[in-house]
> 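Before I ask anything, let me first share the structure, which is written out below as structure tokens.
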Amino acid sequence: AEEDALRELPLPAAARTAESVARLEERLTPHERAVFHEAAFKDPLTSTRGYDYLSVRAGEWDRLYAGGGATAALLSARNFKQINDLLGHGSGDAYLRRLGSILRREVARARRARLDVQEPVRVASKEFLLVGRDAAAVARRVARAVERAFDGGMLAKEQVLRLRRESVERGLVPAGRASLIGTLRVLSEPLSLLGGTADVKDALDRAFERLEERKRRTQFASSKAPH
């Protein structure tokens, strides 16, 4: 519910916030602006940008990508609730911290290579957003990096084995899907539809809708699969 409330911040209020931040940034040096962003918009757990950053940047990104070709890529951790429930919230936090580190590293690499992608934003408890013309490609890189790092890198190997074993034993996932726990779903949506104006928040809402539909289909398939 809290995540929905964040995404539904009234547009006039968001616009006023964006205008206030823009006026402040005009008076700052580049170094001061970077320090301000770290203090005001840093998610304390993952060190990515927090949702407020999207609220103040959405209008700017809409204008930047008005010409089309950009996407909003939503990354969502599979079965994150099971990491918290079976291993404890400390393990869940460790996973998110490592995920944030991988996101920031891969985005920094992409930007050094002159790919067009904005800083990662944590938009819900286990969901992150990338925006830009190369956002979908960078999101896929992040997903591959997380898949490689999960077993023994993001969590201890014995924790991963326990997580998969108990998830199957408790009927939470079919045996064939246990290896997907902790990996990332990636859903990308164009910022502009049918030649319309770019709208980052609309694209994010569409990605969340697809995510919920994907979860429903997965849950239905899991209920029918032998455990």
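This structure is a prediction, so every number in the text was calculated from the model and none was measured.
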> Nearest 0.5 Å, what's the CD-CG distance between Glu127 and Leu184?
10.0 Å
> Does the side chain of Val123 reach to within under 4.5 Å of the side chain of Phe128, using non-hydrogen atoms?
no
> Give me the atom names and distance for the closest heavy-atom approach of Pro120 to Leu103.
CB-CD2, 4.1 Å
> Can you tell me how far CD of Gln118 sits from CG of Asp134, rounded to the nearest 0.5 angstrom?
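Reported to 0.5 Å precision, the distance equals 11.0 Å.
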> Would you sort out whether Val173 and Asn79 count as a side chain to side chain contact (heavy atoms under 4.5 Å, CB included), showing the intermediate values?
CA-CA 9 Å; Val173 298; Asn79 303 102; 3.7 Å; yes
> Is there a side-chain contact between Pro174 and Val168 in this structure, where contact means two heavy atoms from C-beta onward sitting under 4.5 Å apart?
no
> Is Glu209 paired with Arg206 through a side-chain N to carboxylate O contact shorter than 4.0 Å?
no
> What verdict does the side chain to side chain donor-acceptor pair (under 3.5 Å) test give for Asp116 and Tyr65, after you've listed the backbone C-alpha separation in whole Å, the side-chain angles of each residue and the deciding distance to 0.1 Å?
CA-CA 11 Å; Asp116 183 73; Tyr65 298 116; 2.8 Å; yes
> Could you measure the distance from the CZ atom of Arg170 to the OG atom of Ser167? Nearest 0.5 Å is fine.
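So the CZ of Arg170 and the OG of Ser167 are separated by 8.0 Å.
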> Where do Leu54 and Trp61 land on the side chain to side chain contact (heavy atoms under 4.5 Å, CB included) test, with the steps shown first?
CA-CA 9 Å; Leu54 174 61; Trp61 292 345; 3.8 Å; yes
> Measuring from atom CG of Asp202 to atom CG of Leu193, what distance do you get when rounded to the nearest 0.5 angstrom?
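CG of Leu193 is found 6.5 Å from CG of Asp202.
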> After noting the C-alpha distance and the side-chain angles of Phe41 and Val121, does the key distance pass the side chain to side chain contact (heavy atoms under 4.5 Å, CB included) rule?
CA-CA 9 Å; Phe41 301 118; Val121 182; over 6 Å; no
> For residues Leu99 and Leu45: do they belong to one hydrophobic cluster (side chain heavy atoms under 4.5 Å, members Ile, Leu, Val, Met, Phe, Trp, Tyr)?
yes
> Among Arg111, Arg49, Arg57, which one satisfies side chain to side chain donor-acceptor pair (under 3.5 Å) with Glu119?
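The residue from Arg111, Arg49, Arg57 that satisfies side chain to side chain donor-acceptor pair (under 3.5 Å) with Glu119 turns out to be Arg49.
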> Could you tell me whether Glu189 and Arg210 have a side-chain N and a carboxylate O separated by less than 4.0 Å?
yes
> Out of curiosity, does Leu75 fall in the hydrophobic cluster containing Leu180 (side-chain heavy atoms, cut-off under 4.5 Å, transitive links)?
no
> Please examine the side chains of Leu172 and Asp85, heavy atoms only from C-beta on, and report whether any two atoms are closer than 4.5 Å.
no
> Is a donor from one side chain sitting under 3.5 angstrom from an acceptor on the other, for Glu147 and Thr183?
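There is no such pair between these side chains.
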> Is the shortest side-chain heavy-atom distance between Val131 and Leu204 below 4.5 Å?
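The answer is no; the side chains never approach within 4.5 Å.
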> Does this structure show an ion pair linking Lys215 with Glu212, if we count only N-O contacts that are shorter than 4.0 Å?
yes
> Quick one: does Arg78's side chain get under 4.5 Å of Lys126's, heavy atoms only?
no
> For the residue pair Leu86 and Lys81, establish whether any side-chain heavy-atom pair is separated by less than 4.5 Å.
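Heavy-atom side-chain distance check fails, nothing below 4.5 Å.
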> Given Arg141, which of Leu115, Ile102, Val107, Val146 fulfils the side-chain contact (heavy atoms from CB on, under 4.5 Å) condition?
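It is Leu115; the other options fail the test.
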> Strictly by modelled atom types, are Thr46 and Asp43 linked by a side-chain donor-acceptor pair under 3.5 Å?
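Yes, Asp43 and Thr46 have a side-chain donor paired with an acceptor closer than 3.5 Å.
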> If you take all heavy atoms of Gly68 and Ser192, which pair is closest and at what distance?
CA-OG, 4.4 Å
> About how many Å separate CD1 of Ile181 and CZ of Phe80, when rounded to the nearest 0.5 Å?
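These two atoms lie 13.0 Å from each other.
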> Kindly indicate whether the side chain of Ser188, heavy atoms from C-beta on, has any atom under 4.5 Å from the side chain of Leu74.
no
> How long is the gap from OG on Ser91 to CE on Met154, to the nearest 0.5 Å?
12.0 Å
> Would you check if Phe208 and Leu129 make a side-chain contact, meaning some heavy-atom pair closer than 4.5 Å?
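Phe208 does not reach Leu129 side chain to side chain.
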> So which heavy atom on Ala139 is nearest to which on Val186, and how close?
CB-CG1, 3.7 Å
> Nearest heavy-atom pair of Arg105 and Ala145: which atoms, and what distance?
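Heavy atoms only, the tightest pair is NH2-CB, 3.7 Å.
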> Would you name the heavy atoms of Ala110 and Val138 that are closest together and state the gap between them?
CB-CG2, 3.6 Å
> Locate the shortest heavy-atom distance separating Ala178 from Arg164; write the atom from each residue and the value.
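It is O-CG, 3.5 Å.
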> Begin from the C-alpha positions of Arg214 and Ser76 and carry the test side chain to side chain contact (heavy atoms under 4.5 Å, CB included) through to its verdict.
CA-CA 11 Å; Arg214 186 82 60 86; Ser76 177; over 6 Å; no
> Got a donor-acceptor contact below 3.5 angstrom from the Arg162 side chain to the Lys157 backbone?
no
